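A quick write-up on the structure given underneath.
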Amino acid sequence: MDSKQFISTIKTHTEVSPDYFLLSMELPSEVKRPKPGQFFMIKVGRNNDPLLRRPLSIHRLISADTVQILYRVRGKGTRVLSKRVLGERLDILGPLGKGFEIPSQINEAILVAGGVGIAPLFPLAEELKRAGKSIKLFIGGKNREDILCEDDFRSLGLEIYISTEDGSYGKGGLVTDILEDYIQTPDSRLQTQMYACGPKLMLKVVSEIARFYSLPCYVSLEERMACGIGACLGCAVKTRVQSSELRVKGKNSRLRTPDSRLYRLVCKDGPVFNAEEIDWDG
Amino acid sequence: MDSKQFISTIKTHTEVSPDYFLLSMELPSEVKRPKPGQFFMIKVGRNNDPLLRRPLSIHRLISADTVQILYRVRGKGTRVLSKRVLGERLDILGPLGKGFEIPSQINEAILVAGGVGIAPLFPLAEELKRAGKSIKLFIGGKNREDILCEDDFRSLGLEIYISTEDGSYGKGGLVTDILEDYIQTPDSRLQTQMYACGPKLMLKVVSEIARFYSLPCYVSLEERMACGIGACLGCAVKTRVQSSELRVKGKNSRLRTPDSRLYRLVCKDGPVFNAEEIDWDG
Amino acid sequence: MADLKVKIGSLVLKNPVMVASGTFGYGEEYSPYIDLNILGAIITKGISLHPIDGNPPPRIWETPSGMLNSIGLQNVGAKAFIKEKLSYLKSFDTKIIVNIFGTTVKEYAKVAERLFATQGVDAIELNISCPNVKKGGMIFGIDPKSTKKVVSAVRKVCGLPLIAKLSPNVTDITEFARIAEGEGADAISLINTLLGLAVDVETRKPRLATITGGLSGPAIKPIALRMIWQVAKAVKVPIIGMGGICSTEDALEFILAGATAIAVGTANFFNPNTASEIIKGINSYMTEKGIGDIKELIGGMYA
Amino acid sequence: MADLKVKIGSLVLKNPVMVASGTFGYGEEYSPYIDLNILGAIITKGISLHPIDGNPPPRIWETPSGMLNSIGLQNVGAKAFIKEKLSYLKSFDTKIIVNIFGTTVKEYAKVAERLFATQGVDAIELNISCPNVKKGGMIFGIDPKSTKKVVSAVRKVCGLPLIAKLSPNVTDITEFARIAEGEGADAISLINTLLGLAVDVETRKPRLATITGGLSGPAIKPIALRMIWQVAKAVKVPIIGMGGICSTEDALEFILAGATAIAVGTANFFNPNTASEIIKGINSYMTEKGIGDIKELIGGMYA
Ligand SMILES: Cc1cc2nc3c(=O)[nH]c(=O)nc-3n(C[C@H](O)[C@H](O)[C@H](O)COP(=O)(O)OP(=O)(O)OC[C@H]3O[C@@H](n4cnc5c(N)ncnc54)[C@H](O)[C@@H]3O)c2cc1C
Ligand SMILES: Cc1cc2nc3c(=O)[nH]c(=O)nc-3n(C[C@H](O)[C@H](O)[C@H](O)COP(=O)(O)OP(=O)(O)OC[C@H]3O[C@@H](n4cnc5c(N)ncnc54)[C@H](O)[C@@H]3O)c2cc1C
Ligand SMILES: Cc1cc2nc3c(=O)[nH]c(=O)nc-3n(C[C@H](O)[C@H](O)[C@H](O)COP(=O)(O)O)c2cc1C
Ligand SMILES: Cc1cc2nc3c(=O)[nH]c(=O)nc-3n(C[C@H](O)[C@H](O)[C@H](O)COP(=O)(O)O)c2cc1C
Ligand code: FES
Ligand code: FES
């Protein structure tokens with residue numbers, strides 16, 4: 001494990017869109033440079049309430065010693081974080097989890113983001129760019145204000161497709177609709193790797209699309225976490241492959257080998273999973 | 001009841017001595033001007049931890065719309081308060097409690113403060129001054145850093161006697177020692193009212209001195225509070241007068257009238273009590 | 001406006017939001033901060049036949065998201081309550097539920113009888129669950145036989161809607177709820193405080209003079225919710241839910257878990273406006289979700 | 001340096017600070033954050049004879065100063081534990097206490113027997129108090145007869161120091177402690193989690209897939225302390241105290257209330273360094289107060 005517990009000072013903290021915050025903070029030199037898709041467990045407050053750390057993805061490494069987090073205020077924890085100001089110190093564990101992989105044989109990457117799911121896709125796009133892959137980005141949101149980082153991605157020079165549910169920006173509808181429209185164009189299917197991050201329902205549909213068109217797809221999952229390091233077994237996600245294998249082997253699930261696990265841990269085995277692994281109804 | 005729940009903005013907040021903070025905040029016009037000895041119940045944090053408001057005395061009314069609090073960091077609640085910054089808003093109940101009274105017949109007031117017990121004595125001194133009384137102030141602390149507001153009191157032109165336990169400032173020893181030295185000089189005993197605020201042990205000794213020299217004495221007490229308004233019955237203090245009366249009337253305390261209460265409430269019946277009323281060992 | 005009316009026995013409340021016994025004094029203490037007329041009901045501080053001094057201080061200690069108290073049922077006694085406190089409370093447009101307590105079954109019955117004979121009392125809440133008195137209180141609430149005796153004795157002498165307030169310090173709360181229902185209680189209140197302890201490591205003394213005290217506040221909310229859910233499946237009478245309620249969301253959790261009404265307790269201390277915020281909040285929630293009648297929400301958790 | 005050594009049955013711990021079962025994985029997860037060698041003992045995640053999948057997600061919900069979990073004793077099973085996990089743990093200079101669990105008395109005995117036959121296990125903690133499994137667990141811990149049976153059965157087959165871990169979801173915790181002591185347990189661990197519930201008012205679903213779950217964390221500390229104090233007066237065997245311990249002060253409260261050793265649970269999740277801070281903190285406290293031996297503090301509350 002190359003993860004550490006460290007203290008980081010807030011360098012900038014701004015509300016980039018209503019309820020969306022961009023936070024830059026120090027990355028001490030002894031901390032390992034995070035990979036795209038990895039996350040931090042951040043102690044957002046100073047007291048027992050909120051009690052647990054909150055998982056937040058690495059959004060951008062803006063310099064050797066500065067890392068950015070992009071988050072949306074969802075409940076108590078993120079609200080408390082949003083009140084922390086410049087110069088304050090955060091207690092952090094990380095970097096944690098398995099990040100996105102870039103298979104060497106691919107020549108095209110399709111990135112699909114729902115809302116704040118855009119956060120971990122930026123460093124991924126940077127790395128794909130460096131690896132010389134062609135990149136298409138699909139961003140979806142409820143409305144215009146959910147569409148983040150468009151300019152940053154544009155400056156990487158990739159193709160961007162946008163949809164909003166209320167039609168206030170880009171195409172009206174769901175991001176999975178514009179995604180499917182694109183994938184249906186035949187020549188786009190070769191040597192493609194898909195990557196998706198967003199609400200579970202969106203990920204499920206993206207996975208179905210990927211499966212239908214036989215495209216490999218990585219998804220970054222969310223689950224409630226207590227420890228973030230594989231100790232509490234709280235962030236279980238049900239897997240499909242394993243579970244069907246098992247049913248064949250025998251009904252008594254308690255006789256299985258430890259490898260054939262019905263559940264995987266988002267914090268340790270993920271947060272990035274092969275979409276095929278996941279039991280989306282589990 | 002003239003107390004209100006209101007929101008107040010922090011105007012200045014500085015550490016005036018190690019662990020002692022001076023906080024100025026807005027006093028909205030609809031809030032009643034507090035009297036010396038009254039207090040506020042302040043919600044120090046934003047969440048459930050700390051849960052309860054903290055009682056803090058009115059230290060100074062520095063203008064029609066600005067009031068000051070002087071406090072010492074003692075535990076979690078005061079620590080959280082000390083982190084609140086300029087411009088932040090505090091949720092407050094008050095002004096609460098019965099303040100200090102100034103009997104018209106007195107011509108001398110002796111004020112005794114232990115540590116942060118000095119806080120409510122400043123507005124009292126101001127009022128005594130306005131009423132034309134002669135004022136002697138005795139301040140005690142563990143060391144030099146516990147002696148606060150000396151200059152402010154000097155600018156009111158009163159006589160000040162200081163003691164520190166480690167002798168680092170003023171006379172070495174306890175404030176009750178220098179107090180007794182003073183009171184022993186015969187001519188100082190006429191038409192005198194004593195006022196004391198500080199740790200319970202100090203108040204007890206001050207009360208004994210007052211009783212011995214037959215001087216009337218007001219003490220401002222502290223007790224753990226939940227509501228601050230007489231509803232929870234949490235801040236009980238045992239009274240002496242009542243309790244002895246009762247024992248005469250009959251052993252079965254449950255047959256007493258509601259008036260002959262063994263306990264009084266610091267928040268509602270106090271925080272200022274006649275020293276004679278208190279059962280210091282209760 | 002959504003229909004917030006609920007019934008506790010024969011008692012109709014204009015909304016399901018009350019304030020819990022012992023956390024709202026006799027009402028008057030809070031009148032500068034909240035309009036008492038908006039409340040579904042006020043449950044007053046526990047009343048005994050004779051005045052009680054209560055326990056020695058310290059009586060209060062704060063714990064993480066909670067507090068311990070050992071007030072010990074200090075109260076002015078039935079006579080003074082009726083004369084001074086009740087007459088004030090009667091002037092408001094809200095229901096008055098009087099929380100009562102005794103050290104013996106007889107005393108319980110006597111004070112209930114006395115209040116039944118008094119104008120202006122809308123219901124009785126039977127406190128068999130206070131952990132802060134040596135005699136009476138919780139003793140009655142953690143032993144099935146005593147629970148049966150006291151509910152039955154009070155039921156006999158008291159024609160008012162009768163609410164049994166249960167102690168959470170038991171293995172199986174449903175057992176006690178069933179007994180109370182069987183003996184004729186019109187409703188069940190839960191939960192009272194959980195028995196707790198805190199120690200001052202500097203002085204080595206307990207934080208409360210009585211050593212242990214009752215734990216209340218947000219810390220106990222998950223336990224309260226669980227018990228309400230269990231009891232809702234076990235009895236038919238309505239439940240008044242309490243234990244750490246601070247917000248509309250908290251209140252709705254209790255209602256969805258099976259409470260017909262809820263009471264705000266410890267939260268009054270740090271936010272006197274809690275009950276008012278919750279009444280407004282439930283209204284908005286129902287409007288937003290298109291729910292016309294609060295009864296659709298009671299026990300509406302999908303489980 | 002003050003003397004921090006304590007004894008749990010025949011087992012000598014270099015200090016009284018452990019990490020609680022299920023909150024520290026199998027040790028290895030925390031090795032990047034804390035030096036395992038400093039710990040008095042590591043209590044491992046509950047182990048059953050065969051691997052267990054655990055409960056469906058969501059398994060976790062945060063509550064005010066606490067958390068609910070419904071992991072459901074997911075574990076790799078005794079065989080894999082011994083082969084993979086124990087061999088790693090043995091390399092550290094700390095004691096290994098293995099928390100075990102079964103769905104029947106027989107299963108409890110079998111896994112205890114198996115571990116007794118294994119090198120490197122220093123003691124067994126018998127989990128009869130997990131609220132998150134349908135069979136076994138708490139069922140054994142809230143019924144006096146079952147408690148008796150399972151402790152007695154395990155005692156017969158297992159020569160290791162035996163610790164019974166009790167459930168707080170009972171009316172009288174001392175009853176269960178006395179039974180465990182009577183059946184030969186060398187120590188008592190308490191408390192396990194309290195049964196709780198939380199509801200999502202948007203979806204109307206419980207926050208956990210299993211509906212209820214176990215409440216842990218600072219919120220439950222006052223209840224844990226009270227139970228330790230009660231049990232310390234009722235039994236002679238040492239107590240391992242747990243329930244919301246986050247700081248040196250918390251740990252000292254437990255020791256003063258009667259715990260011979262303490263375990264850090266939920267706090268590991270938000271501060272992996274808690275146990276280390278507490279060991280240092282107890283040392284400083286004792287030095288400051290001139291206390292040479294920690295035994296002077298055990299049960300040292302003035303009450
Ligand atoms: C590996 C990982 C990386 C993440 N990266 C980011 C990021 O970069 N930016 C970002 O904005 N968010 C990210 N999240 C989500 C973020 O952790 C949660 O939004 C946050 O923890 C919510 O905490 P809160 O206290 O504000 O909300 P809470 O008060 O805890 O919850 C508010 C409401 O949101 C819902 N909710 C919140 N979190 C979850 C969840 N994990 N699963 C299901 N429902 C939930 C609940 O229904 C709840 O009612 C990530 C999550 C994971 C697991
Ligand atoms: C009417 C009134 C007016 C007050 N005015 C002031 C003021 O102007 N300035 C000021 O600095 N303080 C004042 N206090 C005291 C102040 O309220 C407490 O110091 C504060 O509430 C402590 O909260 P905390 O969370 O910081 O400490 P906690 O964490 O709650 O306690 C820390 C430690 O301090 C001790 N302690 C704290 N408060 C008390 C108490 N009330 N009684 C006994 N022991 C206690 C406890 O032993 C505890 O271990 C006043 C108190 C009252 C009742
Ligand atoms: C200071 C205090 C005093 C209380 N007094 C009583 C009482 O007199 N009678 C009673 O039945 N319950 C009493 N209770 C219990 C509350 O009514 C309520 O059941 C409990 O506190 C749980 O709710 P909460 O967590 O919202 O406070 C008291 C609680 C507190 C905190
Ligand atoms: C996520 C989680 C998993 C747990 N797993 C176990 C377990 O396997 N066996 C057991 O005896 N106790 C288990 N417990 C209970 C803890 O060991 C401890 O008794 C309880 O959490 C109270 O301590 P705390 O408040 O410090 O966490 C678990 C607790 C948590 C939070
Ligand atoms: S969050 Fe604890 S195991 Fe994943
Ligand atoms: S603090 Fe509640 S009565 Fe005084």
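Atoms considered below: every heavy atom in the structure, side chains included; atoms not considered: hydrogens, waters and symmetry mates. Computed from a prediction, not measured in an experiment: that's the story for all the values here. A, B, ... follow the sequence lines: proteins, then strands. Residue 1 opens every chain.
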Has [X] got a side-chain atom pairing as donor or acceptor with [Y]'s backbone, closer than 3.5 angstrom?
| X | Y | result |
| --- | --- | --- |
| D/Glu62 | A/Leu52 | yes |
| D/Arg59 | A/Leu233 | yes |
| A/Arg224 | D/Trp61 | no |

**Complete:** Most contact-rich option vs chain D, by heavy-atom pairs under 4.5 angstrom, among A/Cys235, A/Cys227, A/Gly230, is A/Cys227
Check the surroundings of atom [atom1] in [X]: do more than 12 heavy atoms from other residues, nucleotides or ligands lie under 6.0 Å from it?
| X | atom1 | value |
| --- | --- | --- |
| D/Lys110 | NZ | no |
| D/Lys79 | NZ | no |
| A/Lys11 | NZ | yes |
| D/Glu277 | CD | yes |
| A/Leu201 | CG | no |
| D/Lys83 | NZ | no |
| A/Arg89 | CZ | no |

Where is the tightest heavy-atom contact between [X] and [Y], given as atom of each residue plus distance?
| X | Y | result |
| --- | --- | --- |
| A/Ala226 | D/Met67 | CB-CE, 3.9 Å |
| D/Pro32 | A/Ser3 | CB-O, 3.8 Å |
| D/Ile60 | A/Cys232 | CD1-SG, 3.8 Å |

**Prompt:** Side chain, backbone, both or neither: which part of D/Asn75 has a non-hydrogen atom closer than 4.5 Å to chain A?
**Reply:** neither
**Prompt:** Does any heavy atom of chain A fall under 4.5 Å from the side chain of D/Lys45, the backbone, both, or neither of them?
**Reply:**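 Contact with chain A involves the side chain of D/Lys45 alone.
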**Prompt:** Which bit of A/Lys4 comes within less than 4.5 Å of chain D, counting heavy atoms only: side chain, backbone, both or neither?
**Reply:** backbone
Measure the shortest side-chain to side-chain distance between [X] and [Y] over non-hydrogen atoms and say whether it is less than 4.5 angstrom.
| X | Y | result |
| --- | --- | --- |
| A/Gln5 | D/Pro272 | yes |
| D/Pro218 | A/Leu51 | yes |
| D/Tyr33 | A/Ile229 | yes |

**Item:** Distance (rounded to the nearest 0.5 Å) between A/Met41 CE and D/Phe270 CZ
**Value:** 11.5 Å
**D/Gln74 side, atom CD; A/Leu265 side, atom CG - distance, nearest 0.5 Å** = 6.0 Å
**Item:** Results of salt bridge (charged side-chain N to carboxylate O under 4.0 Å, His left out) for A/Lys268 - residues two or more places apart only
**Value:**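 So A/Lys268 forms no salt bridge (charged side-chain N to carboxylate O under 4.0 Å, His left out) with any residue.
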**Item:** Heavy-atom pair count under 4.5 Å with chain A, highest-scoring of D/Pro57, D/Gly54, D/Gly22, D/Ser31
**Value:**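 Top option by heavy-atom pairs under 4.5 Å: D/Pro57.
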**Request:** Scan residues 65-84 of chain D for pairs that pass ring pair (Phe, Tyr, Trp, His ring centres under 6.0 Å), counting only residues two or more places apart or in two chains.
**Result:**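 Found D/Tyr26-D/Phe81.
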